[in-house]
Amino acid sequence: MSSGAAQRLHTLQRHVGSREGRGMEPGRSPLTTHVLDTASGLPAQGLYLRLSRLEDCGQQWTELKKSCTDRDGRCPGLLPPGQMKAGTYKLSFDTEGYWQKRGQESFYPYVEVVFTITNETHKFHVPLLLSPWSYTTYRGS
C-alpha cells in the first residue's frame, strides 16, 4: 500500500473510531454531525449544510442553522444546549457544491437526512460517509 493510501486509511479509521464529543457534557451541542469523504479517505472540509425542524403539525420545515464542516469534517454547535426538543429534524448537505469545488462530477446534488428525536436529554450524532456516487448514514454515538 502506498504511503498516501496508508495515511488516508489511518485518517479514516481514526475519525470513524473517534470518541470525541460523546455524552452530554455541559455546554456541548446535543446534536452533532461528521462528514467523511470516502473517495479520498479524508474529512469532508468545507461542506455546507442546513439544520431544519418540521413545524406546523408536520407541514413546514423551519431552518434552525446554516453551517459548514470544519477541517476535521465536523460541525460543532449545530444546536445549542437546551434548544433541542422532541420532533422531526433534517440535515441537508450541499454535496454538489462540495464535489464541484474539487472538480469532481457527482450523482447526488444534495443529501437530506431526516430523523426523529423522541428524548431531548440524549445526545444525537449523525455521521455521513460520502463519495461522488454514494452515501451512507447512521445514528452514531
Side-chain angles (χ1 to χ4, degrees), residues 1-2 4-141:
M1 181 180 311
S2 74
Q7 181 182 6
R8 288 191 302 272
L9 178 60
H10 175 71
T11 300
L12 184 59
Q13 289 171 332
R14 183 172 45 91
H15 282 79
V16 170
S18 173
R19 299 188 67 83
E20 179 182 316
R22 293 189 181 180
M24 282 290 288
E25 298 92 4
R28 289 260 180 163
S29 176
L31 176 63
T32 57
T33 190
H34 185 205
V35 185
L36 294 173
D37 176 342
T38 59
S40 70
L42 299 171
Q45 178 181 359
L47 191 149
Y48 290 98
L49 60 103
R50 291 185 324 272
L51 172 65
S52 304
R53 183 173 45 228
L54 195 57
E55 305 284 354
D56 300 327
C57 300
Q59 299 299 312
Q60 177 139 358
W61 290 102
T62 299
E63 188 174 284
L64 302 175
K65 174 119 183 182
K66 286 183 183 178
S67 195
C68 184
T69 55
D70 64 14
R71 60 185 275 272
D72 197 33
R74 297 179 187 277
C75 193
L78 270 178
L79 199 57
Q83 288 196 3
M84 184 159 52
K85 61 183 182 180
T88 301
Y89 291 78
K90 173 173 64 174
L91 279 169
S92 301
F93 299 89
D94 177 19
T95 53
E96 182 174 56
Y98 174 79
W99 293 117
Q100 281 180 348
K101 282 188 279 186
R102 282 145 188 81
Q104 172 70 51
E105 181 183 350
S106 66
F107 185 66
Y108 298 101
Y110 59 90
V111 170
E112 291 187 330
V113 180
V114 179
F115 52 96
T116 302
I117 292 174
T118 57
N119 186 335
E120 59 270 3
T121 64
H122 290 171
K123 181 183 182 321
F124 294 87
H125 183 62
V126 183
L128 179 65
L129 305 177
L130 185 63
S131 87
W133 314 114
S134 67
Y135 65 90
T136 303
T137 187
Y138 55 95
R139 179 174 177 194
S141 58

Heavy-atom side-chain contact between [X] and [Y] under 4.5 Å:
{"X": "Leu130", "Y": "Asp37", "value": "no"}
{"X": "Trp61", "Y": "Val114", "value": "yes"}
{"X": "Tyr48", "Y": "Lys66", "value": "no"}
{"X": "Thr33", "Y": "Phe93", "value": "yes"}
{"X": "His125", "Y": "Tyr138", "value": "no"}
{"X": "Pro132", "Y": "Trp99", "value": "yes"}
{"X": "Cys75", "Y": "Leu49", "value": "yes"}

Kindly give the heavy-atom pair with the smallest separation between [X] and [Y], and that separation in Å.
{"X": "Asp70", "Y": "Pro76", "result": "OD2-CD, 3.9 Å"}
{"X": "Asp94", "Y": "Leu47", "result": "N-CD2, 4.0 Å"}
{"X": "Lys85", "Y": "Ile117", "result": "O-CG2, 4.2 Å"}
{"X": "Ser52", "Y": "Glu63", "result": "OG-CA, 3.7 Å"}
{"X": "Pro30", "Y": "Leu79", "result": "CD-O, 3.0 Å"}
{"X": "Gly140", "Y": "Pro127", "result": "N-CD, 3.7 Å"}

Rounded to the nearest 0.5 Å, how far does [atom2] of [Y] lie from [atom1] of [X]?
{"X": "Lys101", "Y": "Glu96", "atom1": "NZ", "atom2": "CD", "result": "12.0 Å"}
{"X": "Leu64", "Y": "Lys90", "atom1": "CG", "atom2": "NZ", "result": "11.0 Å"}
{"X": "His34", "Y": "Leu36", "atom1": "NE2", "atom2": "CG", "result": "4.5 Å"}
{"X": "Lys123", "Y": "Ser141", "atom1": "NZ", "atom2": "OG", "result": "8.0 Å"}
{"X": "Arg53", "Y": "Met84", "atom1": "CZ", "atom2": "CE", "result": "10.0 Å"}
{"X": "Glu112", "Y": "Thr95", "atom1": "CD", "atom2": "OG1", "result": "10.0 Å"}

Taking atom types as modelled and ignoring hydrogens, do the side chains of Ser134 and Ser131 form a donor-acceptor contact shorter than 3.5 angstrom?
-> yes

Within 45° of the ring axis of Tyr98 and under 6.0 Å from its six-membered ring centre, is that where the NZ or CZ of Arg102 lies?
->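 Pair Arg102/Tyr98 counts as cation-pi.
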
Val35: which of Thr137, Thr69, Leu91, Asp72 passes side chain to side chain contact (heavy atoms under 4.5 Å, CB included) =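 Between Val35 and the candidates, side chain to side chain contact (heavy atoms under 4.5 Å, CB included) is satisfied uniquely by Thr69.
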
Take atom CZ of Phe115 as the centre, draw a 6.0 Å sphere, and report whether it contains more than 12 heavy atoms from other residues, nucleotides or ligands.
-> yes

Parallel, tilted or perpendicular: ring planes of Tyr135 versus Tyr108, cut at 30 and 60 degrees |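 The arrangement is perpendicular - the two ring planes meet at more than 60°.
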
